[in-house]
Amino acid sequence: DYIKRHGFRTLVPKRAAAFSAEEAHKLRGIPHGTTIGPWRLRPNSLATASWRCLNSTLFNTGMRSDEVCTASKKAGLTKKMLTRASLVFRIGASRTADPTPTQLASLTTGDGVYINVRPSKTDADGSFWCDKPIWLPFDTHPSNACNDFVRMELQHPCAGATRSQVALFANDDGSPFAKYQIDAALKDALHFIGLGGRKESYTWHSYRVTLACLLDAAGCPPPLIKKMVRWISDESLRTYVRPNDTFISFWLNKIVDATISTTQARDLPHVEEERFQQQALFV
């Protein structure tokens with residue numbers, strides 16, 4: 001009745017748009033001197049290093065915003081939040097949760113970092129995903145998440161038991177990023193990279209959509225996409241992995257001159273065809 005009266009468009013779900021890989025890299029790499037939300041990006045700033053890590057981590061993991069920030073500045077660091085202690089570096093044959101500067105500087109191809117994930121919106125008690133750490137391989141690409149964490153660790157060292165008391169994504173005063181801070185920063189960052197006109201289409205959830213779509217475009221098997229983005233249901237996979245224009249164009253171009261040769265059993269001759277037709281006519 002509603003559709004007859006008002007049409008269907010207001011019932012169509014509004015979902016976050018996906019970034020391109022280039023747009024994601026630009027968000028992470030906004031230059032020093034730029035003001036986004038509460039932060040002015042500058043060298044040797046913990047907030048700036050955290051902004052870089054936040055964007056590269058979301059690009060590689062598709063984490064939800066509630067996993068990377070606190071609900072409000074007043075709430076502070078909660079026991080469900082990621083901290084420096086959530087990182088475990090694999091360097092050569094060893095694994096360490098408290099790396100030295102020498103160890104960090106020695107990371108090379110084949111090394112990387114694990115993130116011990118915390119409970120999230122769809123895994124409130126951590127029973128489904130918290131036993132499965134996220135692996136981030138080391139690479140020299142500027143937007144490599146592991147590389148960003150290494151830079152942050154070297155510029156803003158944190159050792160021993162203190163690692164459990166420092167948020168993984170923190171302000172210059174050490175307080176964890178708050179939801180209103182990262183939301184304000186994202187809006188300004190979208191304007192800076194030329195997406196301001198479509199800012200209502202993008203949220204932090206866009207990174208989750210981006211990862212799923214890019215993995216699909218790369219030919220990643222659907223069950224592995226589900227594991228990497230940490231979905232429990234196939235319904236989420238169907239919702240977020242969207243039709244890829246390039247792939248569709250490729251396959252439609254394939255059918256332009258294709259020949260179809262199909263056969264149905266009812267189209268094949270049969271010795272009792274006449275009797276069958278009489279029975280069908282009678283029925």
Side-chain angles (χ1 to χ4, degrees), residues 18-63 65 67-70 73 77 81-84 86-87 89 99 101-108 112-113 115 136-159 162-163 166-199 202-207 210-211:
F19 297 122
S20 67
E22 181 182 6
E23 288 164 347
H25 297 329
K26 285 181 178 179
L27 284 171
R28 176 226 163 258
I30 291 176
H32 293 143
T34 309
T35 298
I36 51 171
W39 308 303
R40 183 174 180 80
L41 302 182
R42 51 192 177 80
N44 301 318
S45 160
L46 176 58
T48 300
S50 294
W51 169 262
R52 306 268 193 252
C53 289
L54 175 66
N55 282 272
S56 56
T57 299
L58 265 58
F59 180 68
N60 281 270
T61 67
M63 284 184 178
S65 61
E67 296 177 85
V68 298
C69 68
T70 189
K73 202 167 183 68
L77 183 66
M81 291 185 63
L82 295 169
T83 66
R84 290 283 191 93
S86 302
L87 301 179
F89 288 87
T102 302
Q103 287 175 312
L104 290 167
S106 71
L107 261 78
T108 186
V113 64
I115 301 180
L136 296 174
F138 177 80
D139 190 273
T140 55
H141 189 282
S143 295
N144 178 263
C146 180
N147 202 356
D148 278 338
F149 280 125
V150 170
R151 289 195 196 96
M152 183 170 70
E153 292 280 357
L154 291 172
Q155 290 179 0
H156 308 278
C158 179
T162 307
R163 295 182 67 80
V166 176
L168 189 55
F169 308 107
N171 291 289
D172 286 338
D173 62 2
S175 63
F177 280 178
K179 184 71 165 66
Y180 78 91
Q181 289 181 313
I182 65 171
D183 286 348
L186 180 61
K187 286 183 180 179
D188 290 342
L190 289 172
H191 276 288
F192 185 85
I193 69 169
L195 293 178
R198 297 178 56 207
K199 64 181 180 181
Y202 297 97
T203 68
W204 288 107
H205 215 67
S206 293
Y207 271 117
T210 300
L211 178 59

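Rounding to the nearest 0.5 Å places CG of Asn144 at 9.5 Å from CZ of Arg28. For the atom pair SG of Cys146 and CZ of Arg151, the computed distance is 10.5 Å after rounding to the nearest 0.5 Å. Tyr180 OH to Thr70 OG1: the interatomic distance, rounded to the nearest 0.5 Å, is 10.5 Å. Interatomic distance, His156 NE2 to Arg84 CZ, rounded to the nearest 0.5 Å: 8.0 Å. Considering NZ of Lys179 and OG of Ser65, their distance stands at 4.0 Å, rounded to 0.5 Å. How far CG of Leu168 is from OG of Ser50: 7.5 Å, rounded to the nearest 0.5 Å.
The closest side-chain heavy-atom distance from Asn55 to Tyr207 is below 4.5 Å. Residues Arg40 and Thr48 fail the side-chain proximity criterion, which asks for heavy atoms closer than 4.5 Å. For the pair Val68/Thr57, no side-chain contact is recorded, criterion being any heavy-atom separation below 4.5 Å from C-beta on. Between Leu195 and Glu23 the shortest side-chain heavy-atom distance falls below 4.5 Å. In this structure, Phe138 and Val113 have side chains that are not in contact, with every pair of non-hydrogen atoms separated by 4.5 Å or more. Between Pro176 and Met81, some side-chain heavy-atom pair lies under the 4.5 Å cut-off. Looking at heavy atoms from C-beta onward, Phe19 lies out of side-chain contact with Lys26 at the 4.5 angstrom threshold. Put simply, the side chain of Leu41 reaches to within 4.5 Å of the side chain of Arg52, judged on heavy atoms.
Closest non-hydrogen pair, Phe177 versus Ala47, comes out as CZ-O, 3.7 Å. For the pair Pro142 and Asp148, the tightest heavy-atom approach, listed with the atom from each and the gap, is O-OD1, 3.7 Å. Of all heavy-atom pairs between Ala185 and Trp51, the closest is CB-CZ3, 3.7 Å. Nearest heavy atom pair, residue Ser143 against residue Asn60, reads O-ND2, 4.3 Å. The minimum heavy-atom distance between Tyr202 and Leu190, with the atom names listed, is CB-CD1, 3.9 Å. Listed here is the closest heavy atom pair of Gly196 and His191: CA-ND1, 3.5 Å.
Aromatic ring orientation, His25 versus Phe59: perpendicular (interplanar angle above 60°, classes split at 30° and 60°).
Looking at Asp172 and Arg42, a side-chain N of the basic residue comes within less than 4.0 Å of a carboxylate O on the acidic one, giving a salt bridge. Salt bridge status for Lys187 with Asp183: absent, with no side-chain N to carboxylate O gap under 4.0 Å.
Checked by atom type, the side-chain pair Asn171/Trp39 shows a donor-acceptor distance below 3.5 Å.
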| Full working for side chain to side chain contact (heavy atoms under 4.5 Å, CB included) between Leu136 and Thr61 | CA-CA 9 Å; Leu136 296 174; Thr61 67; 3.9 Å; yes
